[in-house]
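Presented below is the structure to which this report refers.
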2 protein chains.
Amino acid sequence: MARLADPALAERRRREIVEAAMGCFRRRGFHQASMQEICAAAGMSPGALYRYFPSKSDIILAIAEVHHRDAEDLIAGIANGADVTENLVALVRDVVGRCGEDQPLTADVLAEAMRDPELARRFSDHVQHKQRRLGAAIAAGQRRGSVEAGIDPDTAARLVTVLMDGLILRAAVMREKDPEILIAAFRAFVERLLKPAPKEVPGPQSRVSKTSKS
Amino acid sequence: MARLADPALAERRRREIVEAAMGCFRRRGFHQASMQEICAAAGMSPGALYRYFPSKSDIILAIAEVHHRDAEDLIAGIANGADVTENLVALVRDVVGRCGEDQPLTADVLAEAMRDPELARRFSDHVQHKQRRLGAAIAAGQRRGSVEAGIDPDTAARLVTVLMDGLILRAAVMREKDPEILIAAFRAFVERLLKPAPKEVPGPQSRVSKTSKS
DNA sequence: ACCTGAACACCGTTCAAGT
DNA sequence: ACCTGAACACCGTTCAAGT
């Protein structure tokens, strides 16, 4: 890659390319969209594009970064609000709602991450960051008494984020299905997990041993 | 595609090709692996291969079918066993355990399904089938009294399968992380969801117990 | 009928040549 | 410095020619 003299121009070109590529990838998929298409959409020649991105993979890497920044903004909103459960449900509804829009892109990013170690690392960092954010929000809720005190915030955050990702995946795969059923189930789960229980005596109950086999 | 005279030979060839392709795709990814590589691995020329599969996409379609059949066999095992929770945990541990093996393939299939309507339909059917199977197992558990009677089996099945998929996804993305933490959280969730509660006193539910293998 | 392998249109990427 | 666009090696797919 040649030397770039003007950082402002370089930044602008990179944004133009990412913008154009996101459109192409959304419509046609990462591997189906050709560099020629992206060049046409960005209004420049292959030679020009390759000055700013050394390969097609690097474009998807930049797209993943945009996605992750957006997602982290959303999660940050949760930490601020008072009712963690309602915020989570609203977030899930929002993401599930614009389903056909970014999920194909996310799936492409995920599939790429399976082979590209750099992308995998960033993905992993992003997930951990999300989890920590949510864990902090849950701990804050516990201090305020709006979240059940007896649970481990990190474990709860892990469960909730895993469930959220699974849910979004599911909604993406089954496009036309009614998403409200999924969202209701998610809400029920989060409420069950986080809702404070009346706190009499915390005697550790032994698990039910199953004795009956039919 | 030319006429195929001997169905037995055709079946054998298709199996050989799928076998070879699975190896290539696992190692290199769906779009990274070339048809030449697959041909070499299957020991035949491009022309021969294209007699049995009209395109590369059709090979991944066949692979998805194999995956789905395997997964349904595993789920069927759960319906037979007595302790639904333990069976689910064992299943998750098994899938998460051979993580780097098939997950990249699954991710490729998923990404393809985002563009390929036929693949999407099969994926969706498979998920629904899995869910119904698990719902039936949970309902059976309720009849035996080993599962909390107050929950809706279908909703519970939906939640558990969504969580399982999310978990497998997570384990695939964060390859080297300790999977037992995830599995323990999954177990805690399933126990909390399915465990029968004592009927008379609605006391606080016990927290997560660390280890108990029956 | 079954297979080979050169050929075709197109892909991601490069680089000599323009301004 | 920045860009163009032909060229390169290779891709998925086809098809005339062999057996």
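Here is the naming used below: chain letters follow the sequence lines, and residue numbers restart at 1 for every chain.
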Touch class at under 4.0 angstrom, heavy-atom based, for B:Ser34 against every strand present: sugar-phosphate
Under 4.0 Å from any heavy atom of chain A: name the first and the last nucleotide of DNA chain C that qualifies, 5' to 3'. C:dC11 to C:dC15
Take A:His68 and A:Phe123 through the test ring pair (Phe, Tyr, Trp, His ring centres under 6.0 Å) and record every step on the way to the result. CA-CA 8 Å; A:His68 291 170; A:Phe123 213 101; 5.4 Å; yes
How long is the span from the CZ atom in A:Arg93 to the CG atom in A:Leu167, to the nearest 0.5 Å? 11.5 Å
Using a strict threshold of under 4.0 Å (side-chain N to carboxylate O), is an ion pair present between B:Arg13 and B:Glu16? yes
Identity of whatever pairs with D:dC2 - Watson-Crick or G-U, under 3.5 angstrom: C:dG18
N/O donor-acceptor pair under 3.5 Å between B:Asp83 side chain and B:Glu86 backbone: yes
Beyond-backbone contact of A:Lys130 with A:Met164, side-chain heavy atoms, under 4.5 angstrom: no
Check every strand shown and say whether B:Ala33 touches a base, only sugar-phosphate, or nothing at a heavy-atom separation below 4.0 Å. sugar-phosphate
Taking any strand in view, what nucleotide pairs with D:dC8 in a Watson-Crick or G-U wobble way, both distances under 3.5 Å? C:dG12
Taking atom types as modelled, is there a side-chain donor on B:Gln131 or B:Thr161 under 3.5 Å from an acceptor on the other? yes
Return the 5'-most residue of the pair A:Phe30, A:Gly47 with respect to DNA chain C, ranking by each residue's nearest nucleotide. A:Phe30
Using a cut-off of 4.0 Å on non-hydrogen atoms, how would the nucleic acid contact of A:Ala48 be classed: base, sugar-phosphate, or nothing? base
Taking for each residue the nucleotide of DNA chain D bearing the nearest heavy atom, is the 5' side occupied by A:Gly43 or by B:Lys56? A:Gly43
